There are 2 protein chains.
Amino acid sequence: MIMKNRKVISRLSKYKNALNRFKALGFAKIFSEYLADFVGCTSSQVRKDFSMFGITGNKRGGYNIDQLLEKLNIILGKNVVQKVVIVGAGNLGRALLNYKGFENDGIRIVACFDIDPAKQNANMRIPVLPLEELPSFVRINGIETAVLAVPDLVAQEVFDKLVKAGIKGVLNFAPIRLRTDASCFVSNINLEMELESLIYFVNASEHAPLAPGDN
Amino acid sequence: MIMKNRKVISRLSKYKNALNRFKALGFAKIFSEYLADFVGCTSSQVRKDFSMFGITGNKRGGYNIDQLLEKLNIILGKNVVQKVVIVGAGNLGRALLNYKGFENDGIRIVACFDIDPAKQNANMRIPVLPLEELPSFVRINGIETAVLAVPDLVAQEVFDKLVKAGIKGVLNFAPIRLRTDASCFVSNINLEMELESLIYFVNASEHAPLAPGDN
DNA sequence: TAGATTGTTAATCGATTAACAATC
DNA sequence: TAGATTGTTAATCGATTAACAATC
């Protein structure tokens, strides 16, 4: 498995979603041009991305959707259900617990952890457990990925615990830069920042109407 | 106000946050080097970004934190409280309603809208109103920015209503590409995709340990 | 003043796109 | 076969970084 950059991987993810749509519509084959159109890039980009992962099509007939999906799913680890834990049972954490979107995407939220006993409840569909139980839970269940949804002030501290427990990837919602070594990847989602920059473009457009690039 | 790209704006946002921290620590001046260190870029990048917005410092004494903050706040529209509505009172929408992070960031969530009468409640701290009331509410209160947290299937349809109501910027959580004209900006946050690419890097690192670039 | 930092230009780097030969 | 699409190389584009003169 070759390591590529973030943008390429998120495009693969978009291609996969697009292909599922096309498949649902009854298509069996697809051209790079259509795929590009759907996800908003060029056909060169699509073909280049595929070629980086050794995915090939047919010179004249485009790509077979089923085969393509299978390859993308393998690359993205979708052939196995990926177990993820959520750390922090605040508003955001609980919303993610109940979020249905992950289920049909091969991602299973298996547990949530919080220090607050009032938020703990081992009998829910997805149990909310004491944070102290995380290390053993993670070890026993072979969890590698966590979503960090705790208050800023404790984010680094909790993150360090996750890393010590063996977590290898963290999706971080705290608006701080987590200090991490090479053993754990961090992806950040900063809601304030997203809204802030959106507001900038809205305000700026009133003076000079131009578009920001899409992410 | 000059229109710059998304990455520059999100760095400005990071600089602002960093400056607030430094200020809280009692600093009055700062060098590009320190700021770069804090947000994770180069000092050249910091100075370049500032120069793009005509922000200057002192050749020998760095930047005055208060003056710098004021300029960044003006650029980012922080001198005025920005009113935002949330559309969709599902798990995510309600979590955002109660999210405290926006308050001290000059962003005020003023209302939420949903079609489901069971979710509506005009008497809450932040009212949850019928979607039909959105156009008049937006007009009366001069709202330009919305967070879209509705199911995928209706996202485009609801988005079109927002645009028609005069919304100029949308932070979209639905994992689809919204079709938009130049009158409305769209920023996308796709949780599935974020988790998916994180999982890719976690899995890939087990075969070839290398780091993805940070976002 | 001497030394350190800015502001800006030029060089580098990487990602995207265009182009086109190969070929189904 | 003729025509259309891939796979890949080369060109382009834009963003980041290095370098350094200006100067406080």
Side-chain angles (χ1 to χ4, degrees), chain A residues 2-15 18-19 22 27-68 71-72 75 197 210-215, chain B residues 2-15 18-19 22 27-69 71-72 75 197 201 210-215:
Chain A
I2 321 110
M3 179 67 81
K4 303 293 175 192
N5 78 39
R6 218 172 265 256
K7 288 172 108 172
V8 179
I9 303 304
S10 46
R11 279 199 302 270
L12 293 192
S13 192
K14 287 181 189 171
Y15 300 148
L19 289 167
F22 281 108
F27 289 98
K29 294 188 170 286
I30 193 163
F31 301 134
S32 58
E33 188 65 37
Y34 292 7
L35 214 36
D37 228 58
F38 195 93
V39 308
C41 67
T42 63
S43 61
S44 288
Q45 182 85 269
V46 174
R47 297 195 300 275
K48 186 73 173 283
D49 287 342
F50 288 171
S51 98
M52 289 180 80
F53 288 90
I55 294 173
T56 61
N58 310 304
K59 287 274 178 194
R60 181 75 179 68
Y63 301 83
N64 175 297
I65 290 184
D66 281 329
Q67 287 171 15
L68 191 46
K71 282 174 186 166
L72 291 176
I75 292 167
S197 62
L210 272 165
D214 195 53
N215 55 349
Chain B
I2 322 110
M3 180 66 81
K4 303 294 176 189
N5 78 40
R6 218 171 265 256
K7 287 172 107 172
V8 178
I9 303 304
S10 45
R11 279 199 301 270
L12 293 191
S13 192
K14 287 181 188 170
Y15 300 149
L19 289 167
F22 280 108
F27 288 98
K29 293 186 172 287
I30 193 164
F31 301 133
S32 58
E33 187 66 37
Y34 292 7
L35 214 36
D37 228 58
F38 195 94
V39 308
C41 67
T42 63
S43 61
S44 288
Q45 182 85 269
V46 173
R47 298 196 299 275
K48 185 74 170 281
D49 288 341
F50 289 171
S51 99
M52 289 181 80
F53 288 91
I55 294 173
T56 60
N58 310 302
K59 287 274 178 190
R60 180 73 179 65
Y63 301 82
N64 176 297
I65 289 182
D66 281 330
Q67 288 173 16
L68 191 47
L69 265 174
K71 282 174 185 165
L72 290 177
I75 292 167
S197 62
F201 285 108
L210 272 166
D214 197 53
N215 55 351

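Residue numbers start from 1 in every chain, and the chains themselves are labelled A, B, ... in the order their sequence lines are given, proteins ahead of strands. On a predicted model such as this, the values are computed, not experimentally measured, just so you know.
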Checklist entry - Can you tell me if A:N58 uses its side chain to pair, donor with acceptor, with the backbone of A:R60 under 3.5 Å? => result no
Next on the checklist: Using the rule given for side-chain contact (heavy atoms from CB on, under 4.5 Å), can you reason through B:I30 versus B:F38, listing the C-alpha separation, both sets of side-chain angles and the distance that settles it, and then say yes or no?
Outcome noted: CA-CA 11 Å; B:I30 193 164; B:F38 195 94; over 6 Å; no
Checklist entry - Do other residues, nucleotides or ligands put more than 12 heavy atoms under 6.0 Å from the OH atom of B:Y34? => result no
Starting from [atom2] on [N], measure out to [atom1] on [X] and report it in whole angstrom.
{"X": "B:M52", "N": "C:dT9", "atom1": "CE", "atom2": "P", "value": "13 Å"}
{"X": "A:N58", "N": "C:dA22", "atom1": "CG", "atom2": "C1'", "value": "14 Å"}
{"X": "B:K48", "N": "C:dA11", "atom1": "NZ", "atom2": "P", "value": "13 Å"}
{"X": "A:R6", "N": "C:dT16", "atom1": "CZ", "atom2": "C1'", "value": "20 Å"}
{"X": "A:Q45", "N": "C:dG14", "atom1": "CD", "atom2": "C1'", "value": "12 Å"}
{"X": "B:E33", "N": "D:dA18", "atom1": "CD", "atom2": "P", "value": "11 Å"}
{"X": "A:R11", "N": "C:dT16", "atom1": "CZ", "atom2": "C1'", "value": "8 Å"}
{"X": "A:I55", "N": "D:dG7", "atom1": "CD1", "atom2": "P", "value": "10 Å"}

Establish, with yes or no, whether the OP1 or OP2 oxygen of [N] is under 4.0 angstrom from a side-chain nitrogen or oxygen of [X].
{"X": "B:K7", "N": "D:dG14", "value": "no"}
{"X": "A:S32", "N": "D:dT6", "value": "yes"}
{"X": "B:R60", "N": "D:dA22", "value": "no"}
{"X": "B:Y63", "N": "C:dG7", "value": "yes"}
{"X": "B:N5", "N": "D:dA15", "value": "yes"}
{"X": "B:S51", "N": "C:dG7", "value": "no"}

Next on the checklist: On DNA chain C, compare the nucleotides closest to B:R47 and A:G61; which residue's is nearer the 5' end?
Outcome noted: B:R47
Next on the checklist: Applying a 4.0 Å non-hydrogen cut-off, can you work out what A:S44 is touching in the nucleic acid: base, sugar-phosphate, or nothing?
Outcome noted: base
Next on the checklist: Base, sugar-phosphate or nothing for A:T56? Non-hydrogen atoms, less than 4.0 Å.
Outcome noted: sugar-phosphate
Checklist entry - Is B:K59 side chain donor-acceptor paired with the D:dT23 base, going by distance under 3.5 Å alone? => result no
Item to check | A:L35 side, atom CG; A:T42 side, atom OG1 - distance, nearest 0.5 Å | outcome: 11.5 Å
Next on the checklist: Can you tell me how far apart CD (A:Q67) and OG1 (A:T56) are? Round to the nearest 0.5 Å.
Outcome noted: 8.5 Å
Item to check | Base-pairing mate for D:dG14 - Watson-Crick or G-U, with both contacts under 3.5 Å | outcome: C:dC13
Item to check | Complementary nucleotide for C:dC24 - Watson-Crick or wobble, under 3.5 Å | outcome: D:dG3
